[in-house]
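Order of appearance sets the numbers: ligands from 1, and atoms from 1 within every ligand.
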Amino acid sequence: MGIRTRRPLTVAVVAVLGASMLAGCGKKPGAAPAESADQFVARSNTELLAHWKEVNAAVWTQQTYINDDTQLLAARAQDRYLEYYTKAVKDAARYEGQQVSPSAARSMLLLKLGVAAPAPDDAKKRAELTEIAARMDASYGAGKYCPKGPESCRNLDELSDVLVRSRDYDAQLEAWQGWHTISRPMRKDYERFVELANEGSQSLGFKDLGEMWRSGYDMTPAQFSDETERLWGQVKPLYDQLHCYARGRLQATYGKARVPDGKPIPAHLLGNMWAQQWNNVYDLLEPYPGVSDLDVGSSLKKQGYDAVKMTRSAEAFYTSMGFPKLPDSFWTRSMLKRPQDRDVVCHASAWSMDTRDDVRIKMCIQPAEEDLYTIYHELGHVYYYLSYRDQPLLFQAGANDGFHEAIGDTMNLSMTRGYLVQAGLVPAVKIDPALADKALINGQMKSALDKVAFLPFGKLIDQWRWGVFSGQIKPADYNKAWWELRRKYQGVDSPVARSEEDFDPGAKYHVPGNTPYTRYFLAYVLQFQFHKALCEAAGYQGQLHDCSVYGNAEAGKRFQQMLAMGASEPWQDAMEKLTGTRQMDGSAIIDYYRPLMSWLEKENAGRQCGW
Ligand code: X8Z
Ligand code: ZN
């Protein structure tokens with residue numbers, strides 16, 4: 001769905017700034033309204049709840065049962081919600097320039113930033129926007145590549161599987177190209193969507209939708225752009241080393257003709273449809289083959305882990321730290337497997353349906369390592385929802401949206417070998433102490449292929465969208481600009497020539513789904529800061545990559561205290577509460593991978609790095 005409210009999905013544009021920003025958005029103070037600002041906020045919290053329940057119910061149904069009818073119902077529910085929202089934001093503007101309580105000011109700012117795509121005032125345009133959004137979402141969810149008629153169709157899972165398992169350049173290329181056909185028909189819709197959502201954001205006083213998205217971080221939009229650049233600068237040297245090593249090793253499999261020195265890596269060879277995480281090609285990149293293999297996937301399969309059992313293991317991680325058990329309704333209402341009889345949006349998400357107990361996840365779980373990690377990620381959202389459920393509704397959001405994405409990932413960092421063995425997820429294997437250094441590098445490599453490889457991708461998606469929303473990237477250059485960014489940041493290139501007939505950004509869920517993406521970039525930085533803080537709270541003394549806070553109630557308590565704040569205070573305050581600092585900081589990830597970085601520098605010494 002495209003008009004993300006803050007509730008459905010994993011929390012869309014949540015945001016907060018000081019009250020000063022409210023005055024900065026171009027509206028003149030009018031006559032004093034009849035109700036006080038606090039009364040207005042209290043009423044909005046109540047009214048919003050009714051809308052959000054309806055939107056959630058409609059969108060949940062649409063995403064778990066894609067057809068024209070559910071699409072229509074979802075669009076209509078969103079339409080009603082946006083109508084209410086637009087009016088509420090206008091009503092809130094009456095308090096600009098007046099003395100209001102800090103909590104009311106913050107609530108009204110959160111209200112204003114509370115959708116990812118505001119609609120124009122005109123009812124017809126609003127309906128057009130919600131219909132386009134529902135259509136793009138459904139078309140991604142139902143996307144299939146059918147080269148030879150309906151019998152030959154393959155969905156995203158099946159095509160991704162080829163990238164994960166096959167090492168045949170051409171078979172992988174076909175799967176990659178096949179999936180990238182599904183987004184061609186979205187281009188016109190996306191273009192119109194941008195016009196309409198921009199108009200909506202302008203009616204709220206923003207220059208464009210990108211500026212609205214960048215306004216949710218308790219600093220000015222310009223400061224936020226600078227902040228993402230600063231963080232990227234901190235981590236880029238590590239990424240560059242990883243890229244250099246990966247390219248060198250891929251040459252061993254595919255040859256220098258196909259993976260040339262000094263050039264970006266072909267995007268279909270990294271084991272993932274978007275080359276966003278590279279852990280699926282660990283087999284090709286393993287520094288010391290055979291040392292300390294940790295095959296979580298086959299262990300899960302061998303032990304008969306199904307979707308429920310995997311989710312139970314994630315729940316057990318959280319309860320071991322003092323979080324509550326998931327409510328019974330979670331188990332009866334979640335969608336944990338891909339249904340066989342209908343199209344659904346399989347992209348994983350976590351939902352708070354009623355701002356209270358009705359929490360769910362929607363995911364197509366398979367017994368694979370990647371999915372195990374994603375379940376812990378999704379439960380991070382769920383436990384955030386449950387932790388802040390006593391806050392007023394407008395404060396029921398992440399301290400910033402990066403925080404929401406970072407919670408479960410922080411838990412992922414505690415899924416060490418020790419934990420996996422203790423939880424019975426993998427069998428215990430003795431590691432020869434003489435091989436400990438090699439095992440460490442293998443372990444760090446595997447983790448970095450997820451966590452470090454992701455960083456430039458996490459940044460560039462919104463780099464593209466900010467450009468699109470501001471008009472700097474014109475529709476005629478959508479695809480060209482996309483690949484320029486992929487080359488620039490990731491050092492990855494399309495394996496075949498692309499044209500403006502293609503719409504490759506649309507082949508990534510968050511573009512048709514209109515989910516802002518910088519949150520993931522932030523989360524990949526934040527989770528290392530959170531992990532460090534939790535390990536300190538647990539009194540852990542050793543190396544951070546060995547630390548697991550599994551079973552540690554003190555770490556759990558400290559985490560929950562931060563989560564319970566929701567968005568009630570600026571994120572810097574939440575951050576300080578847990579970590580003692582008020583800044584996002586890439587040095588935590590650099591510290592974590594220090595052993596790998598030294599190893600990579602030596603390993604790459606003879607290679608020609610860069611692209
Ligand atoms: O979309 C997600 C989560 C749902 S919030 C599964 N992630 C991003 C992606 O898949 O592109 C998690 C990592 C980045
Ligand atoms: Zn998430």
### Message
Heavy atom to atom 1 (O) of ligand 1, shortest distance: which of Met363, His404, His377, His347 holds it?
### Response
His347
### Query
Hey, looking at atom 8 (C) of ligand 1, which of Tyr524, Phe454, Tyr520 has the closest heavy atom?
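Selected option, by shortest heavy-atom distance: Tyr520.
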### Task
Indicate yes or no: does an N/O atom of Thr374 lie under 3.5 Å from an N/O atom of ligand 1?
no
### Task
Test the Arg498-Trp483 pair against the cation-pi criterion, namely NZ or CZ under 6.0 angstrom from the six-membered ring centroid and within 45° of the ring axis.
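No, a cation-pi geometry is absent between Arg498 and Trp483.
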### Query
Which one holds for Tyr517 and ligand 1: side chain close, backbone close, both close, or neither close, with close meaning a heavy atom under 4.0 Å?
side chain
Could you tell me which atoms of ligand 1, counted from 1 in the order shown, lie closer than 4.0 angstrom to a heavy atom of [X]?
X      : answer
Glu405 : 5 (S)
Lys508 : 9 (C), 10 (O), 11 (O)
His381 : 5 (S)
Glu378 : 3 (C), 4 (C), 6 (C)
Gln276 : 9 (C), 10 (O), 11 (O)

### Query
For Lys236, which residues count as a salt bridge (Lys or Arg N to Asp or Glu O under 4.0 Å) partner, sequence neighbours excluded?
Asp240
### Task
Work out the angle at the Zn ion (ligand 2) between OE1 of Glu405 and NE2 of His377, rounded to 10°.
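The two atoms form an angle at the metal of about 90°.
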### Task
Identify, with sequence neighbours excluded, every residue that meets side-chain contact (heavy atoms from CB on, under 4.5 Å) alongside Asp161.
Arg165
### Aromatic centroids of Tyr373 and Tyr376 separated by under 6.0 Å
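They do not qualify: ring centres at least 6.0 Å apart.
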### Task
Nearest 0.5 Å please: distance from the CZ atom of Phe395 over to the CG atom of Asp390.
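That separation rounds to 14.0 Å.
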### Query
Looking at the Zn ion (ligand 2), is one of the N, O or S atoms of His404 less than 2.8 Å from it?
no
### Query
Any luck finding a side-chain donor-acceptor pair between Trp52 and Tyr81 under 3.5 Å?
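Per modelled atom types, Trp52 and Tyr81 side chains form a pair under 3.5 Å.
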### Message
Quiz question: by atom type and distance under 3.5 Å, do the side chains of Ser352 and Tyr384 form a donor-acceptor pair?
### Response
no
### Query
Is the shortest heavy-atom distance from the side chain of Thr518 to the side chain of Lys459 under 4.5 Å?
no
